[in-house]
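Keep in mind the model is a prediction, meaning the values are calculated, not measured.
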Amino acid sequence: MIESKLKLELLQHCRHDWMNKLQMIKGNLELSNIERATQIIDEMVIESRQEALLTGLGTPRFSEWLLTYNWYRPGPLKLGYEFTERMKIPESYDSLLLQWAKKTAAAVDKALNTPSDQELYFLFEQQEESFSIVVEYEGEPLQSTPEDIIQEPVEAKLEWIQDTSASFSIKLTFD
């Protein structure tokens, strides 16, 4: 029963998002703003392709969390993600990625000092025998330093690419 309710709730959120986008397209078409309507459609196609890559990643719990975080987010932090290509991550990393990402998002959200939306972005990259995730934040200054917020996960090498109070970029490499 609970599982059915959760599925229906997810479908409701998804339908709500699609209806909002369709209304934006319709409104722009009614205003004869064909360029903007086409742009919205193009954005929807890109978003759908990225969602397809995420759902085929091989990490069901992590992928579900990343897909639905923005629907249930507790504060101003939004999550985004991008794939440069189709890739597979061994399912054995599912729990590790989920726990690390949850802790990281919660810590960044807690360190925000603004009610306006800020974004934490995940970029997935496949290498020959490994994979990496670049995690980026750029926005309002954080109340804590990124080094105090980000914990290096077990089984990954963490490399700091950029680090200021208003932005950071790290690369996690998993062998």
Side-chain angles (χ1 to χ4, degrees), residues 10 13-14 17 21 39 42-175:
L10 289 173
H13 281 286
C14 188
D17 286 353
K21 292 171 185 172
Q39 182 183 21
D42 291 343
E43 291 168 0
M44 291 172 69
V45 168
I46 290 168
E47 183 179 337
S48 293
R49 286 182 179 149
Q50 290 293 314
E51 286 176 359
L53 292 172
L54 180 59
T55 58
L57 188 59
T59 53
R61 293 174 53 227
F62 173 66
S63 296
E64 176 191 11
W65 177 80
L66 196 50
L67 272 169
T68 61
Y69 178 88
N70 292 335
W71 293 341
Y72 301 108
R73 62 191 171 123
L77 185 68
K78 291 176 66 175
L79 299 183
Y81 56 89
E82 182 180 339
F83 292 84
T84 55
E85 61 186 309
R86 182 174 303 280
M87 61 184 281
K88 270 286 201 216
I89 293 176
E91 192 169 346
S92 59
Y93 285 99
D94 192 27
S95 183
L96 171 76
L97 290 173
L98 176 63
Q99 295 309 314
W100 182 84
K102 278 183 168 182
K103 285 179 186 175
T104 300
V108 171
D109 195 55
K110 185 177 178 181
L112 291 173
N113 192 23
T114 178
S116 62
D117 287 347
Q118 305 296 310
E119 187 172 55
L120 188 65
Y121 202 76
F122 295 79
L123 175 62
F124 295 84
E125 300 172 338
Q126 183 78 57
Q127 283 88 37
E128 281 188 36
E129 296 182 21
S130 63
F131 68 93
S132 64
I133 304 172
V134 175
V135 182
E136 299 177 336
Y137 169 80
E138 188 168 335
E140 296 292 321
L142 300 171
Q143 292 179 341
S144 303
T145 65
E147 289 89 355
D148 292 337
I149 296 171
I150 306 299
Q151 297 176 0
E152 185 167 350
V154 179
E155 300 183 35
K157 182 183 131 203
L158 187 142
E159 174 188 349
W160 287 93
I161 300 169
Q162 175 188 356
D163 177 12
T164 70
S165 67
S167 67
F168 66 81
S169 182
I170 60 170
K171 182 175 186 175
L172 299 170
T173 303
F174 298 84
D175 293 319

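Between E47 and D17, the closest side-chain pair of non-hydrogen atoms is not below 4.5 Å. Y137 places none of its side-chain heavy atoms less than 4.5 Å from the side chain of P146. Residues L120 and F122 have side chains in contact (heavy-atom distance under 4.5 Å, counting atoms from C-beta outward). Annotation: side chain of L97 is in contact with side chain of I133 (closest heavy-atom distance under 4.5 Å).
Shortest non-hydrogen contact noted between L10 and Y72 is CD2-OH, 3.8 Å. Contact detail for P76 and P115: the closest heavy-atom pair is CB-O, 3.8 Å.
Of the residues listed (Q162, E138, E136), the one engaging S167 in a side chain to side chain donor-acceptor pair (under 3.5 Å) is Q162, and it is the only one.
Atom CD of Q126 is separated from atom CG of L57 by 9.0 Å, given to the nearest 0.5 angstrom. Taking CG of L77 as the reference point, atom OG1 of T114 lies at 11.5 Å (rounded to 0.5 Å). Note that CD1 of I149 and NZ of K103 are 15.0 Å apart. Values are rounded to the nearest 0.5 Å. Rounding to the nearest 0.5 angstrom, the gap separating the CZ atom in F62 from the CH2 atom in W100 is 8.5 Å. Atoms NZ and OG, on K157 and S130 in that order, are 9.5 Å from each other to the nearest 0.5 Å. Expressed to the nearest 0.5 Å, how far OG1 of T104 lies from CG of D109 amounts to 12.0 Å.
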Just distance, no hydrogens or angles: give the donor-acceptor pairs under 3.5 Å from side chains in residues 78-91, sequence neighbours left out.
| unit_1 | atom_1 | unit_2 | atom_2 | d |
| --- | --- | --- | --- | --- |
| E82 | OE1 | Y121 | OH | 2.9 |
| K88 | NZ | G56 | O | 3.2 |

Can you list, pair by pair, the side-chain donor-acceptor contacts under 3.5 Å of residues 168-175, counting residues two or more places apart and other chains?
none

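Scanning for ring pair (Phe, Tyr, Trp, His ring centres under 6.0 Å) contacts around W71 gives H13, with sequence neighbours left out.
Side-chain atoms of R61 never come within 3.5 Å of backbone atoms of E64 as a donor-acceptor pair (strictly under, hydrogens ignored). Counting only distance, with no hydrogens or angles, the side chain of Q118 and the backbone of E140 share a donor-acceptor pair below 3.5 Å. N113 places no side-chain N or O within 3.5 Å of a backbone atom of Q143 that could act as its donor or acceptor partner.
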With side-chain contact (heavy atoms from CB on, under 4.5 Å) as the criterion, how do V45 and R49 come out once you've worked through the C-alpha distance, each side chain's angles and the decisive distance to 0.1 Å?
CA-CA 6 Å; V45 168; R49 286 182 179 149; 3.6 Å; yes

For the pair T55 and S63, evaluate side-chain contact (heavy atoms from CB on, under 4.5 Å) and give the outcome as yes or no after the intermediate values.
CA-CA 6 Å; T55 58; S63 296; 5.7 Å; no

